[in-house]
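Below: one structure, written as structure tokens.
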2 protein chains.
Amino acid sequence: MKKANEPIRLILELAKTQAIVGRRFDCGLGGLGFNEFTILYNLSIASDGKMRRIDLANKIGLTASGVTRLLLPMEKIGLIKSGESERDARARFVTIAPGGVLKLNEAIERMELLLNEIIPMDKKIKIEKISQFLSELGMLAR
Amino acid sequence: MKKANEPIRLILELAKTQAIVGRRFDCGLGGLGFNEFTILYNLSIASDGKMRRIDLANKIGLTASGVTRLLLPMEKIGLIKSGESERDARARFVTIAPGGVLKLNEAIERMELLLNEIIPMDKKIKIEKISQFLSELGMLAR
DNA sequence: GACATATACTTGACATATCAAGCATATGAA
DNA sequence: TTCATATGCTTGATATGTCAAGTATATGTC
């Protein structure tokens with residue numbers, strides 16, 4: 001029976017931790033799910049406050065069809081708005097709606113509180129380096 | 001508009017990287033999906049070569065019902081076997097089947113090769129520390 | 001201008017995984 | 001021994017997210 005080396009164990013740990021963390025933050029954000037939070041947050045920091053769907057997909061690591069699936073109900077309940085692109089008829093933009101801004105602000109506060117409880121002080125030091133490593137790993141894995 | 005602090009950005013990066021990596025490794029493992037790989041690997045390193053379903057669920061970070069969903073087709077195609085517990089009538093054990101052992105060994109080799117391509121030498125140094133951080137984060141988030 | 005190739009997006013079909021409810025069993029206190 | 005509580009697991013219902021196929025549009029070459 002073969003043993004898995006360190007990189008394989010990292011991938012397994014990544015999947016496990018994400019499953020736990022994702023589930024943990026899928027409620028408790030003031031009515032937003034974790035995916036909705038992710039999308040709204042990324043829209044809020046986008047240039048001109050809007051993004052193409054394909055750019056949003058790349059930003060959060062999902063496929064274009066995955067993003068389409070998530071945005072449908074969000075548009076229905078007034079978290080985001082969709083619009084056409086002036087320069088590219090294929091493309092469609094997404095912007096955060098006023099209802100979404102309110103929900104997002106509340107969710108950020110709640111998530112900060114939850115994470116303050118979860119992540120001890122002594123580990124906060126490494127967080128930036130871990131984020132950077134994960135970001136690079138994501139790019140390498142594309 | 002509120003900005004997200006470092007811990008929130010870490011969680012977002014974790015979700016993104018896992019989405020990319022999970023999709024990347026969901027094929028190319030000799031016929032196993034990433035979930036099947038994860039399950040078979042954990043079974044292969046278990047004491048006595050078997051685990052209770054609830055323990056497997058905890059090990060890989062999914063819920064008990066999630067594990068039930070995944071094991072059904074795996075048992076059908078001969079990757080695992082299920083059995084009763086001698087001491088606890090509620091519990092059911094899972095063991096890797098011979099067909100699963102073969103597939104697992106091949107998948108480990110393929111994954112090692114893929115990860116050698118993805119992860120540069122200079123980053124391998126940190127992998128153990130990153131794995132440890134993720135493991136602890138997962139536990140803290142439960 | 002024609003045409004091959006690439007891109008943006010949607011949708012049908014399907015696998016994944018959760019939640020809540022329910023059932024059977026185990027545990028521990030009174 | 002009884003009983004309340006906890007645990008292990010399954011299942012119906014549903015949300016998530018992918019894949020493949022298709023459509024419309026953009027790009028770049030000839």
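Below, read A as the first sequence line, B as the second, and so on, with proteins coming before strands; counting in each chain starts at 1.
- A sub-4.0 Å separation between OP1 or OP2 of C:dA15 and a side-chain N or O of B:R69 is absent.
- Scanning atom types as modelled, no donor and acceptor separated by under 3.5 angstrom connect the side chain of A:R23 and the base of C:dT18.
- On a pure distance criterion of 3.5 Å, no polar donor-acceptor pair joins the side chain of B:S65 and the base of D:dC9.
- With hydrogens and angles left out, the side chain of B:T63 and the base of C:dC19 share no donor-acceptor pair within 3.5 Å.
- The cluster map of Ile, Leu, Val, Met, Phe, Trp and Tyr, joined by side-chain heavy atoms under 4.5 Å apart, puts A:I20 and B:I54 in different clusters.
- Of the candidates C:dA8, D:dT10, C:dT18, the closest approach to any side-chain atom of B:A64 belongs to D:dT10.
- Between B:K103 and B:L32, the shortest heavy-atom distance links the atoms O-CD1, 3.7 Å.
- Each of D:dG17, D:dT10, C:dT16 was ranked by its minimum atom distance to the side chain of A:N35; first place goes to D:dG17.
- B:D26 comes within 4.0 angstrom of no nucleic acid atom, judged by non-hydrogen atoms across all strands.
- Residue contacts for B:R53: at a heavy-atom cut-off of 4.0 Å it reaches the sugar-phosphate backbone alone, with no base atom in range.
- Rounded to 10 degrees, the angle between the two end axes of the helix from C:dG1-D:dC30 to C:dA30-D:dT1 is 30°, with five pairs used at each end.
- Within 4.0 Å of B:A91, counting heavy atoms only, lie sugar-phosphate atoms of the nucleic acid but no base atom.
- Spacing between atom CG of A:L72 and atom C1' of C:dC9 amounts to 11 Å, rounded to whole angstrom units.
- In the interface, the side chain of A:R90 is paired with the base of C:dT7 through a donor and an acceptor atom under 3.5 Å apart.
- No donor-acceptor contact under 3.5 Å links the side chain of B:R87 to the base of D:dG8.
- Between the CG atom of B:L71 and the C1' atom of C:dT16 there is a distance of 13 Å, rounded to whole Å.
- Counting any heavy atom pair closer than 4.0 Å across all strands shown, A:A89 reaches sugar-phosphate atoms only and no base atom.
- B:R92 comes within 4.0 angstrom of sugar-phosphate atoms only, judged by non-hydrogen atoms across all strands, and of no base.
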